[in-house]
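As structure tokens, the structure follows; a few thoughts come after it.
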Amino acid sequence: MNAMNFTEPQERVALRAAVAELGKKYGHEYYAKQARAGLKTEELWAEAGRLGYLGVNLPEEYGGGGAGIADLAAVLEELAAAGCPLLLMVVSPAICGTVISRFGTDEQKKRWLPGIADGSRRMVFAITEPDAGSNSHKITTTAKRDGGDWVLSGRKVYISGVDEADAVLVVGRTEDSKTGKLKPALFIVPTDAPGFEYKQIDMDIVSPEKQFGLFLDDVHLPADALVGEEDAAIAQLFAGLNPERIMGASFSLGIARYALGKGVAYANERKVWGAPIGTHQGLAHPLAEIKIELELAKLMTQKAASLYDSGDDFGAGESANMAKYAAAEVAIRAVDQAVQTHGGNGLASEYGLGTLVTAVRLGRIAPVSREMVLNFVGQHSLGLPRSY
């Protein structure tokens with residue numbers, strides 16, 4: 001993104017247009033139908049992979065597009081704007097693909113990146129634990145040395161898409177870090193490994209991607225399951241968490257665009273007392289406010305992605321948190337106002353909005369809660385005393 005004129009490169013503009021066409025081909029009706037039937041969006045995922053959209057951020061030598069997280073975020077935003085928000089894009093190419101491409105061994109890159117790039121393989125991400133919540137320092141999933149290999153034990157919760165994944169990138173901690181100092185270690189755990197079990201968590205969200213609890217009971221892993229340096233994994237972890245926040249923002253932005261588009265179209269078409277309902281400021285002004293807030297959130301998301309792609313991890317962290325916050329808030333407002341604009345039709349299945357009411361609410365909680373973002377901004381951006 002050009003910092004002077006705030007326009008995206010022509011290549012990304014063209015990418016957006018092409019992805020938008022793909023999303024339009026499937027649409028929200030397809031997405032919701034698959035989700036309600038307990039099915040996946042396999043056809044869309046596979047076609048996006050074949051066209052190279054899922055791996056635009058990954059190195060060309062491993063089948064990717066050689067671009068950055070800004071381009072991958074654009075792909076997710078456009079698919080979500082078409083009514084097809086692919087949640088696993090946040091974890092497989094964005095988090096796992098980024099971490100492996102930056103810190104993985106040559107063998108790990110050769111084994112995983114081509115499949116992640118073309119969509120034929122999926123890797124999901126596991127950090128959250130039942131008793132740790134937002135406090136990653138309380139992670140208890142532990143890796144013990146077993147000669148040159150590892151034995152991993154612990155629990156994880158609210159892990160997306162495990163039933164679709166070939167492997168999980170698990171955040172644990174090495175045994176000698178029990179002093180309380182956080183020393184996370186990242187491990188690639190195949191989903192068919194002995195001792196690895198998962199159980200679906202019932203959710204009131206209509207989504208093709210399901211949530212799971214993980215149980216790791218002395219899972220034996222080879223030495224090369226460790227990604228990156230054992231004692232430098234905190235930097236490696238945030239190399240994946242910043243893209244997660246950027247992609248989370250893009251996920252919300254796309255849904256906000258979809259909902260706003262539906263609301264505006266209905267306000268133009270629906271006539272009451274002889275005039276389109278959009279002539280009334282009681283509807284026009286809230287929709288206009290959402291448009292303004294959406295564009296502001298999009299600019300911050302693009303800034304965060306630009307900083308990350310330039311190598312400024314700390315600067316990207318601040319912007320990514322702000323972008324995720326702003327995008328989640330406008331997505332909630334956009335869906336709520338679109339439903340209100342439709343009246344009773346807003347919750348009728350044929351209008352494609354009801355399924356999004358709970359979906360956008362997730363943006364305030366994950367991948368980092370609204371309150372933890374405010375804590376970060378208070379401490380790091382404003383210099384206020386740490387509150388937790």
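Being a predicted model, the structure only gives us computed values, none of them experimental.
No side-chain donor-acceptor contact under 3.5 Å links S369 to the backbone of I365. The closest donor-acceptor contact from the side chain of R173 to the backbone of I139 lies under 3.5 Å. Using a distance-only test at 3.5 Å, with no hydrogens or angles considered, a donor-acceptor pair links the side chain of S101 to the main chain of T98. Under the 3.5 Å distance criterion, the side-chain polar atoms of N57 are left unmatched by any main-chain donor or acceptor of A94. Under a 3.5 Å cut-off, the side chain of S306 and the backbone N or O of Q302 do not form any donor-acceptor pair. For the pair N268 (side chain) and V264 (backbone), a donor-acceptor distance under 3.5 Å is present. Checking side-chain atoms of S92 against main-chain N and O of M89 turns up no donor-acceptor pair under 3.5 Å. The main-chain N or O of L216 is never found under 3.5 Å from a side-chain atom of K156 such that the two would form a donor-acceptor pair. With R121 contributing its side chain and R111 its backbone, the two residues share a donor-acceptor pair below 3.5 Å. Using a distance-only test at 3.5 Å, with no hydrogens or angles considered, no donor-acceptor pair links the side chain of E244 to the main chain of I95.
Rounding to the nearest 0.5 angstrom, the gap separating the OG1 atom in T41 from the CG atom in L79 is 9.5 Å. Atoms NZ and CD1, on K303 and I246 in that order, are 12.0 Å from each other to the nearest 0.5 Å. Going from atom NZ of K324 over to atom OG1 of T301 covers 11.5 Å, rounded to the nearest 0.5 Å.
Listed by first and then second residue, the ring pair (Phe, Tyr, Trp, His ring centres under 6.0 Å) pairs involving residues 298-327 amount to none (not counting sequence neighbours). Among residues at least two apart or in separate chains, there is no ring pair (Phe, Tyr, Trp, His ring centres under 6.0 Å) pair with a member in residues 89-117. The list of salt bridge (charged side-chain N to carboxylate O under 4.0 Å, His left out) pairs with a residue in residues 332-341, not counting sequence neighbours, reads E289-R333, E293-R333. Applying the ring pair (Phe, Tyr, Trp, His ring centres under 6.0 Å) definition to pairs two or more places apart or across chains, those involving residues 17-38 are Y26-Y30, H28-Y31, H28-Y258. Sorted by first then second residue, the salt bridge (charged side-chain N to carboxylate O under 4.0 Å, His left out) pairs that include residues 23-44, not counting sequence neighbours, are K25-E47, K40-D163, K40-E164, E42-R122. Listed by first and then second residue, the salt bridge (charged side-chain N to carboxylate O under 4.0 Å, His left out) pairs that reach into residues 191-200 come to none, sequence neighbours excluded.
Between W150 and D224, every side-chain heavy-atom pair lies at or beyond the 4.5 Å cut-off. Looking at S381 and M322, their side chains come closer than 4.5 Å, going by heavy atoms from C-beta outward. The side-chain heavy atoms of L152 and T142, taken from C-beta on, include no pair separated by under 4.5 Å. Taking the side chain as every heavy atom from C-beta outward, R16 and E8 approach each other to under 4.5 Å. Side-chain contact between R50 and D118: absent, with no pair of heavy atoms (C-beta onward) separated by less than 4.5 Å. Contact of the I201 side chain with the F212 side chain is not registered, since no non-hydrogen atoms from C-beta on lie closer than 4.5 Å. Side-chain contact check for L384 versus Q379: every heavy-atom pair is 4.5 Å or farther apart. Side chains of S250 and V75 form no contact here, defined as non-hydrogen atoms less than 4.5 Å apart.
The minimum heavy-atom distance linking A267 with L287 is given by the pair CB-CD1, 4.2 Å. Of all the heavy atoms in G354 and L347, the pair that sits closest is CA-CD2, 4.3 Å. P208 and L39 get closest at one heavy-atom pair: CB-O, 3.6 Å. Nearest heavy-atom pair, L221 versus I188, reported as atom, atom and distance to 0.1 Å: CD2-O, 4.0 Å. Scanning all heavy atoms of the two residues, the minimum distance from S252 to A331 falls at O-CB, 3.5 Å. Nearest approach of P93 to L58, heavy atoms of both residues: O-CD2, 4.0 Å.
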Stepwise salt bridge (charged side-chain N to carboxylate O under 4.0 Å, His left out) check, K109 with E61:
CA-CA 10 Å; K109 293 175 184 178; E61 61 186 301; over 6 Å; no
For a side chain to side chain contact (heavy atoms under 4.5 Å, CB included) check, start with the C-alpha distance between Q236 and E229, then their side-chain angles and the critical distance, and finish with the verdict.
CA-CA 8 Å; Q236 296 156 191; E229 297 292 330; 3.8 Å; yes
Practice task
Given side chain to side chain contact (heavy atoms under 4.5 Å, CB included), test M123 with V91 step by step and report yes or no.
Solution key: CA-CA 7 Å; M123 184 181 294; V91 288; over 6 Å; no
- Which is it for Y198 and I159 under the side chain to side chain contact (heavy atoms under 4.5 Å, CB included) test, yes or no, and what are the steps along the way? CA-CA 9 Å; Y198 57 92; I159 310 306; over 6 Å; no
**Request:** In sequence, state the C-alpha distance, the side-chain angles, and the governing distance for T105 and Q108, and then conclude on side chain to side chain contact (heavy atoms under 4.5 Å, CB included).
**Result:** CA-CA 5 Å; T105 64; Q108 287 170 338; 3.2 Å; yes
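Atom CD of Q340 has 12 or fewer neighbouring heavy atoms from other residues, nucleotides or ligands inside a 6.0 Å radius.
Annotation: side chain to side chain contact (heavy atoms under 4.5 Å, CB included) contacts of D309 (sequence neighbours excluded): I69, A70. Contacts of Y158 classified as ring pair (Phe, Tyr, Trp, His ring centres under 6.0 Å), with partners at least two apart in sequence or in another chain: none. K291 meets the side chain to side chain contact (heavy atoms under 4.5 Å, CB included) test with L260, E295; sequence neighbours excluded.
Put simply, M247 and L22 are part of the same group of oily side chains (I, L, V, M, F, W, Y) that touch within less than 4.5 Å, one to the next. Under the 4.5 Å side-chain contact rule for hydrophobic residues, L241 and L88 share a cluster. Hydrophobic cluster membership differs between L253 and V360, with clusters built from Ile, Leu, Val, Met, Phe, Trp and Tyr side chains linked at under 4.5 angstrom. Cluster annotation: L307 is not connected to L72 through the hydrophobic network of ILVMFWY side chains, with a link wherever side-chain heavy atoms come within less than 4.5 Å. Hydrophobic clustering of Ile, Leu, Val, Met, Phe, Trp and Tyr side chains at less than 4.5 Å, counting indirect connections, keeps L362 apart from F251.
L296 forms part of a hydrophobic cluster together with I292, judged by ILVMFWY side-chain heavy-atom separations under 4.5 Å. Using a 4.5 Å cut-off between side-chain heavy atoms of Ile, Leu, Val, Met, Phe, Trp and Tyr, V272 falls into a hydrophobic cluster with Y266, W273, I277, L283, Y351. Cluster partners of V13: none. The rule joins Ile, Leu, Val, Met, Phe, Trp and Tyr whenever side-chain heavy atoms lie under 4.5 Å apart, and it links nothing here.
A donor-acceptor contact closer than 3.5 angstrom is absent between the side chains of D204 and T358.
Ion pair R102/D313 flagged as a salt bridge, since at least one NZ, NE, NH1 or NH2 atom sits closer than 4.0 Å to an Asp/Glu carboxylate oxygen. A salt bridge links E77 with K298: at least one charged nitrogen is closer than 4.0 Å to a carboxylate oxygen.
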